[in-house]
Amino acid sequence: MKGNEITAERTESPKTKQEMSGANMKMLEGKKGIIFGVANDHSLAWACAQALHNQGAQLAFTYQGEVLERRVKPLAESVGSTFVEPCDLSKDDNIEAVFAKLKKHWQSIDFIVHAVAFANKQDLEGHFVDTTRDGFKLALDVSAYTLTAVAKAAAPLMTEGGSIVTLTYYGAEKVIPNYNVMGVAKAALEASVRYLAADLGDKNIRVNAISAGPVRTLAAMGIAGFRDMLKYVADKTPLKRNIQADEVGKTALYFISDLSSGVTGEVIHVDCGYSIMGM
Ligand code: IMJ
């Protein structure tokens, strides 16, 4: 036996310096997960997808409606995804259906990226006090409850533990002009992260949120004065700039990889330090 081992060692090709150091070992090789909320190539969900794909993760995607289908399908294809399905997260049967298909496709999954929000346009201008009951319900349903809905559906598939990551914004903590009902929805989302983390911890499922600084995405397009907001924020941050989408992607990679194995229920700010400033 000893002799065989020595022979085997001799016949192995010599390892390069890079291989020896593990520098080309991918962090998410063999990991599988689903990404909700890609709208186009500027989406923070897409930045997460790219960061995870670069580390060897296999990705599934969903879209809502034909317009998004045409945008998401080519993006998904470009990262080798073979699972791209329609899903309206405001419908329980859609969520059930997509996780049933996912179970057939992969048996189990390791992670979820939830990057989904919606409020009526008229509720993102003017005064929060004018929010209607229906507008409030819609914003909280789509932007907050959907995290709990997907966590509940995904937990049985996360047989080896898992990581769930969602996106939030500083408007959950402090009043931001025009963010209005979305601020209340994000506050509910951040509290949901903590309650879900407590519930799912015994299955080794971790739940965390990334509070991203403002970025030019579809979700920010058409927001009155968004350009001015970007400049205002950049001037005030310690780093004197706005964040880039890939910085959110890299933080998602941290949360989904083993690097964050001891972290759950957390909201991390990826905002160039904006939120630490008092004046
Ligand atoms: C959105 C509104 C007001 C101020 C805002 C934003 N700031 C930022 C955003 C400063 C950064 C973007 N953001 C963090 C969001 O969560 C956006 C959510 C959103 C955007 C729209 C636009 C189109 C629409 N409904 C929306 N619902 C949610 O009809």
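All heavy atoms count here, side chains included; hydrogens, waters and symmetry mates do not. In this chain, numbering begins with 1 at the start of the sequence shown. We count ligands from 1, going down the list as the structure has it; atoms in each ligand are counted the same way.
- Aromatic rings from Phe83 and Phe61 are positioned such that their centres are separated by 6.0 Å or more.
- Note on Asp88 versus Lys91: salt bridge recorded, some NZ/NE/NH1/NH2 to OD/OE distance being below 4.0 Å.
- Cation-pi check for Lys250 over Tyr254 is not met; the charged atom does not lie both under 6.0 angstrom from the ring centroid and within 45 degrees of its normal.
- Taking the six-membered ring for Trp and thresholds of 30 and 60 degrees, Tyr170 and Tyr274 have ring planes more than 60 degrees apart, a perpendicular arrangement.
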Please output the side-chain donor-acceptor pairs of residues 190-197 that fall under 3.5 Å, not counting sequence neighbours, one pair per line with the distance.
from: Glu190; atom 1: OE2; to: Thr168; atom 2: OG1; distance (Å): 2.6
from: Ser192; atom 1: OG; to: Ala188; atom 2: O; distance (Å): 2.6

Could you list each nitrogen or oxygen of ligand 1 that sits under 3.5 Å from a protein nitrogen or oxygen, with the atom names and the distance?
from: ligand 1; atom 1: 16 (O); to: Tyr179; atom 2: OH; distance (Å): 2.6
from: ligand 1; atom 1: 25 (N); to: Ala119; atom 2: O; distance (Å): 2.7
from: ligand 1; atom 1: 27 (N); to: Ala119; atom 2: N; distance (Å): 2.9
from: ligand 1; atom 1: 27 (N); to: Ala119; atom 2: O; distance (Å): 3.4

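- Within a 6.0 Å sphere centred on NZ of Lys121, other residues, nucleotides and ligands contribute more than 12 heavy atoms.
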